[in-house]
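Single-structure report; data block below.
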2 protein chains.
Amino acid sequence: MEHIPRTAPVGALTGPCSRWPAEHGETIRQIIERAGNKWAVLIVSSLNCGPLRYTDLLHSIQGISQRMLTHTLRQLQRDGLITRTSHPEVPPRVEYALTDLGTTLLVAVTTLIDWAGTHHDEIQDNRTRFDKPAATS
Amino acid sequence: MEHIPRTAPVGALTGPCSRWPAEHGETIRQIIERAGNKWAVLIVSSLNCGPLRYTDLLHSIQGISQRMLTHTLRQLQRDGLITRTSHPEVPPRVEYALTDLGTTLLVAVTTLIDWAGTHHDEIQDNRTRFDKPAATS
DNA sequence: CTGTATCCACGGCGATACTG
DNA sequence: CAGTATCGCCGTGGATACAG
């Protein structure tokens, strides 16, 4: 893939700053549509605990609708991030599980979640301060 | 923060699988609204090379509209991820720069971008294969 | 140059109802 | 149980025009 090494100190802009080759704008768009999808992230997170059935997901991911569950599940399956296993039984049973690829996504996404957890309060403060520029008295 | 350590092998579900305390669903939503915002990510990425002016951003981020540039810029500023410096000159000049916090976000987001770069082709293949279940002849 | 304001189209998404 | 189908609201975001 040969992406730009980001090991250089961000502040030391002595040379021509290295950026992504612009074509990556398209690539970024791709990830955003995956990792930036609330439901996708939630589903992948839930699946970290092992395979789950349709209704299990429906219940464990609080607030998701059938429509979005099914839709997102299809997306993830299409991308090869999860597998769908249908057991031909009388009460149909379908299990969804993370693929290896899906697991790597989860790891990457976890980085973001950690970041959010670490700086969540700080951001809240910033917002409050920004929204309330008064209070100089 | 005390998030779940993700070092354990995903496949070995011997114990009660550890998950985020569910309340994090809300937290996740927060990040998604930041890191999941295409324009926000693009702006932060562009700013990695040092401060940029409004029009510079407008041009370097191909495809963004004034409306979204301004809007996203405000958001990022509000969150304390970037700074806005207005130089009182005759042709007004405004420069935007990453804060330390913003830099940390960039680092975290870079993880995702790297992931995307690494698995982009693989995902494309998966999609193609999924969309074309025929071709058995 | 650096925005702000308005209009509007499109897609995300929930709600609901129905099927194998 | 595991979906599919339809409808409609609403936010996102582009296009355009105007302003300091």
Side-chain angles (χ1 to χ4, degrees), chain A residues 25-26 28-44 46-47 50-79 82-97 130-131 133, chain B residues 25-26 28-47 51-79 82-97 130-131 133:
Chain A
E26 200 47 40
I28 292 180
R29 194 189 186 92
Q30 304 286 319
I31 337 137
I32 298 306
E33 285 170 9
R34 282 290 137 268
N37 185 333
K38 179 180 58 177
W39 296 132
V41 172
L42 255 6
I43 289 177
V44 169
S46 297
L47 254 24
L52 285 179
R53 302 176 55 173
Y54 185 83
T55 38
D56 290 337
L57 285 168
L58 196 58
H59 294 146
S60 75
I61 302 175
Q62 228 250 338
I64 195 171
S65 62
Q66 279 201 354
R67 175 181 155 81
M68 289 320 292
L69 214 211
T70 303
H71 181 70
T72 310
L73 243 20
R74 282 292 182 292
Q75 275 185 175
L76 294 172
Q77 187 190 353
R78 188 171 102 108
D79 289 355
I82 64 173
T83 57
R84 177 184 183 278
T85 310
S86 177
H87 301 263
E89 302 173 4
V90 180
R93 192 174 91 234
V94 179
E95 286 193 325
Y96 293 92
F130 187 89
D131 294 342
Chain B
E26 201 47 40
I28 292 181
R29 196 189 185 90
Q30 304 286 319
I31 337 138
I32 297 305
E33 286 170 9
R34 284 290 136 266
N37 186 334
K38 178 180 58 178
W39 297 132
V41 172
L42 255 6
I43 289 176
V44 169
S45 299
S46 297
L47 254 25
L52 285 179
R53 301 177 56 174
Y54 185 82
T55 36
D56 290 337
L57 285 168
L58 196 59
H59 294 146
S60 75
I61 302 175
Q62 227 249 339
I64 195 172
S65 62
Q66 278 201 352
R67 175 180 155 81
M68 290 320 294
L69 213 211
T70 304
H71 182 70
T72 310
L73 244 19
R74 281 293 181 292
Q75 275 185 173
L76 294 173
Q77 187 189 354
R78 188 170 103 105
D79 288 355
I82 65 173
T83 58
R84 177 184 184 276
T85 310
S86 176
H87 301 263
E89 303 173 2
V90 181
R93 190 174 92 233
V94 179
E95 286 193 326
Y96 294 92
F130 188 88
D131 294 341

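Chain identifiers are assigned alphabetically (A, B, ...) following the order of the sequence lines, protein sequences preceding nucleic acid strands; residue numbering begins at 1 within each chain.
For the OP1/OP2 pair of C/dT4 and a distance below 4.0 Å, the side-chain nitrogens and oxygens of B/R74 include at least one atom meeting the criterion. Residue A/Y96 places at least one side-chain N or O closer than 4.0 Å to OP1 or OP2 of D/dG3. Put simply, A/R67 has no side-chain N or O that comes within less than 4.0 Å of OP1 or OP2 on C/dG12. Distances shown here put every side-chain N or O of A/T70 at or beyond 4.0 Å from the OP1 or OP2 atom of D/dG3.
Under the 4.5 Å side-chain criterion, counting only non-hydrogen atoms from C-beta, A/R84 is not in contact with A/E95. Looking at heavy atoms from C-beta onward, A/L73 lies in side-chain contact with A/L57 at the 4.5 angstrom threshold. Side chains of A/I61 and A/I43 form a contact here, defined as non-hydrogen atoms less than 4.5 Å apart.
Between B/H71 atom NE2 and C/dA5 atom P there is a gap of 13 Å when expressed in whole angstrom units. Taking atom CG of residue A/L69 and atom P of nucleotide D/dC1, one finds them 14 Å apart after rounding to whole Å. The separation between A/L73 atom CG and D/dG3 atom C1' is 11 Å, rounded to whole Å. The separation between A/H87 atom NE2 and D/dA2 atom P is 10 Å, rounded to whole Å. Distance, B/I64 CD1 to D/dA15 P: 12 Å, rounded to whole Å. Rounded to whole Å, atom P of D/dC1 lies 8 Å from atom NE2 of A/H59. Atom CH2 in B/W39 sits roughly 9 Å away from atom C1' in D/dG13 (whole-Å rounding). In this entry the distance linking CG of B/L58 with P of C/dT4 reads 14 Å, nearest Å.
Nucleotides of DNA chain C nearest to B/R84 and A/M68 differ in position, and the one nearer the 5' end is that of B/R84.
Using a 4.0 Å heavy-atom distance criterion, B/E89 is classed as making no nucleic acid contact.
Counting only N and O atoms by type, the side chains of B/Y96 and B/T85 include no donor and acceptor under 3.5 Å apart.
With hydrogens and angles disregarded, no donor-acceptor distance shorter than 3.5 Å links the side chain of A/H71 to the backbone of A/R67.
Minimum atom distance to the side chain of B/R53 is reached by C/dC1, of the listed D/dG3, C/dC1, D/dG13. The listed nucleotides are C/dG14, C/dC1, D/dA2; the one nearest the side chain of B/P92 is C/dC1. Candidate nucleotides D/dA2, D/dG14, C/dT2 were compared by shortest atom distance to the side chain of B/S65, and D/dG14 ranks first.
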